[in-house]
2 protein chains.
Amino acid sequence: MTSPILEKVSSNKSFEGELAKYKFKSAALGGLSTNFNLFLPPNASDSNKVPVLIYLAGLTCTEDNGAQKGSFLGPASSQGIAILFPDTSPRGAGIEGEADHWDFGVGAGFYLNATNPKFAAHYNMYTHVTLELPQVIEAAGIPIDWKRQSIFGHSMGGHGALTLYLTSPQKQYRSASAFSPVSNPTQCPWGEKAFKGFLQGGIEEAKDKYDATELISKNKEPVHILIDFGTADNFYKQGQLLPENFLKAARDAGYDEFQVRVRSQEGYDHSYYFISTFASDHIHFHANFLKA
Amino acid sequence: MTSPILEKVSSNKSFEGELAKYKFKSAALGGLSTNFNLFLPPNASDSNKVPVLIYLAGLTCTEDNGAQKGSFLGPASSQGIAILFPDTSPRGAGIEGEADHWDFGVGAGFYLNATNPKFAAHYNMYTHVTLELPQVIEAAGIPIDWKRQSIFGHSMGGHGALTLYLTSPQKQYRSASAFSPVSNPTQCPWGEKAFKGFLQGGIEEAKDKYDATELISKNKEPVHILIDFGTADNFYKQGQLLPENFLKAARDAGYDEFQVRVRSQEGYDHSYYFISTFASDHIHFHANFLKA
């Protein structure tokens with residue numbers, strides 16, 4: 001696949017499909033070069049565009065963690081679903097202090113569009129994921145059917161999956177799922193720090209746009225959401241994730257367990273050893289909607 | 001699990017089992033502290049010791065690569081098989097030059113016992129894997145049935161799996177398999193460099209002990225061996241792996257495709273994206289013998 005926009009950096013055959021890494025200069029990220037991985041199942045072809053599931057990774061991660069450790073490729077291959085793995089932030093913006101914290105800035109873009117002028121030229125992961133990546137991948141002629149998208153993620157990426165699902169224009173995602181998501185970020189230290197840094201309006205500005213618990217409480221549309229978290233997850237214990245807040249808000253808003261399912265998994269932690277255990281389950285959840 | 005010998009460094013629940021990292025001071029490795037990972041399936045208990053499959057990793061790897069990227073834990077859990085992931089060399093010996101090369105020394109112990117005096121006190125991965133690890137794990141009361149062991153590995157670790165299988169005392173392994181193994185190391189640059197460095201007798205000394213192709217040609221016993229390699233593997237193309245030499249030697253020695261199976265996998269490379277594709281297949285191959 002050649003393209004004037006995308007440069008293919010590497011390609012690995014896996015589960016009869018192809019996991020390819022691309023790079024391109026991202027308008028959303030202020031012209032910086034960014035990478036993503038894209039898995040295409042073996043049945044993808046010019047005459048058979050396939051549905052796509054977008055995986056948003058967590059703090060400190062890149063486009064590689066989910067591809068390497070998630071155990072997603074096997075079930076995606078069987079189901080005939082592509083998986084897109086974006087990076088977690090712009091890289092190389094050169095903003096003072098952007099790489100000083102593991103939970104803010106580089107590797108920690110929180111899937112939002114920054115309004116703080118210091119970050120607004122580069123930290124626009126929301127637009128990058130919802131608009132730009134589909135455009136550049138479509139323009140390269142890669143056989144994905146963008147009318148059939150779903151989204152999932154881990155931790156900060158679980159926050160991203162839920163908030164993009166609940167706010168993206170034209171309902172572009174059919175379903176959302178998350179492993180250990182940051183579910184109510186205006187109420188936890190990670191979210192507070194991110195919103196105060198990235199948003200001119202701080203935490204107040206985030207409530208309408210970037211907090212899944214706030215969003216589900218006001219949502220009026222049918223939803224398809226699955227969440228798993230582990231009871232031995234230290235970040236859960238520290239109150240960074242707050243999935244119970246999301247669940248309560250969803251029930252209060254009238255969503256039953258067929259629309260919003262939040263599962264507590266006994267003894268599991270925050271790692272990819274947890275994610276990989278339920279990877280196939282999440283792929284099959286999305287397949288119900290992507291292949292309907 | 002507490003033990004006067006082993007210290008548990010971390011524990012992650014995965015596929016209903018437990019992946020634990022341990023460290024201990026290794027006599028075989030000259031008293032250095034070494035790590036290993038051990039996955040126990042959920043059916044392991046004091047009243048139900050489980051069989052074990054040992055995974056030997058390749059150049060530059062540690063005990064983590066196979067555990068994180070191999071996609072072994074799911075099928076091992078289903079089959080009720082433990083997986084032991086040793087490190088690939090001693091670490092911290094302080095031998096001059098031991099960390100100067102990615103393909104020799106630290107991260108590249110080649111699963112042999114060094115006879116070159118410079119390395120002989122520390123580089124004894126053969127004894128570490130075949131003798132010491134079973135002893136210390138047994139002494140800690142971890143419920144593994146060491147009468148049911150098999151072994152597999154990748155690249156340098158594939159070399160290790162095949163040579164340990166063909167040379168270990170008392171036929172301690174029931175079956176061996178390998179992904180992209182270094183199959184005839186006395187005939188390839190990686191092996192030549194390793195043997196010249198680690199062994200006083202150099203390449204000649206290696207022929208009787210550490211070359212799978214040489215060993216299978218002289219072997220008289222029934223064997224159960226499975227090998228997969230990818231046709232797009234650059235190390236295969238460069239002549240580092242030479243699985244065709246092993247296959248020819250096996251056929252010349254009278255082993256048929258039921259005893260020695262070497263499969264060429266079209267388009268796959270040397271990466272864990274290849275390994276994970278065939279992970280379940282290899283676990284099931286060993287399960288035939290481990291659960292017989």
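Protein chains get the first letters and strands the later ones, always in sequence-line order, with residue 1 at the start of each. Since this is a predicted model, take the numbers as computed values, not measurements.
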Set of side chain to side chain donor-acceptor pair (under 3.5 Å) partners for B:His284, sequence neighbours left out:
B:Gln79, B:Ser280
Taking atom NZ of A:Lys21 as the centre, report whether more than 12 heavy atoms of other residues, nucleotides or ligands fall under 6.0 Å from it.
yes
Measuring from B:Lys69:NZ to A:Lys69:NZ, what's the distance to the nearest 0.5 Å?
7.0 Å
Taking only heavy atoms into account, what residues of residues 264-272 of chain A are found under 4.5 Å from chain B?
A:Glu266, A:Gly267, A:Tyr268, A:Asp269, A:Ser271
Turns out that what part of A:Glu16 lies under 4.5 Å from chain B's heavy atoms comes down to both
Sort by residue number and list every member of residues 151-158 of chain B having a non-hydrogen atom under 4.5 Å from chain A.
none
If you check every heavy atom in residues 53-67 of chain A against those of chain B, which residues fall under 4.5 Å?
A:Ala67
Output for pair (B:Tyr273 OH, A:Ser10 OG), nearest 0.5 Å, gives 7.5 Å
Might you point out which heavy atoms bring B:Phe15 and A:Thr277 nearest each other, and give the distance in Å?
N-OG1, 2.8 Å
Identify which part of A:Ser77 has an atom lying under 4.5 Å from any heavy atom of chain B, answering side chain, backbone, both or neither.
neither
Evaluate the side-chain contact (heavy atoms from CB on, under 4.5 Å) criterion for residues B:Phe274 and A:Asn12: first the C-alpha distance (whole Å), next the side-chain angles of each, then the deciding distance (0.1 Å), finally the verdict.
CA-CA 8 Å; B:Phe274 161 58; A:Asn12 300 91; over 6 Å; no
Is atom CZ of B:Arg91 surrounded by more than 12 heavy atoms (other residues, nucleotides or ligands) closer than 6.0 Å?
yes
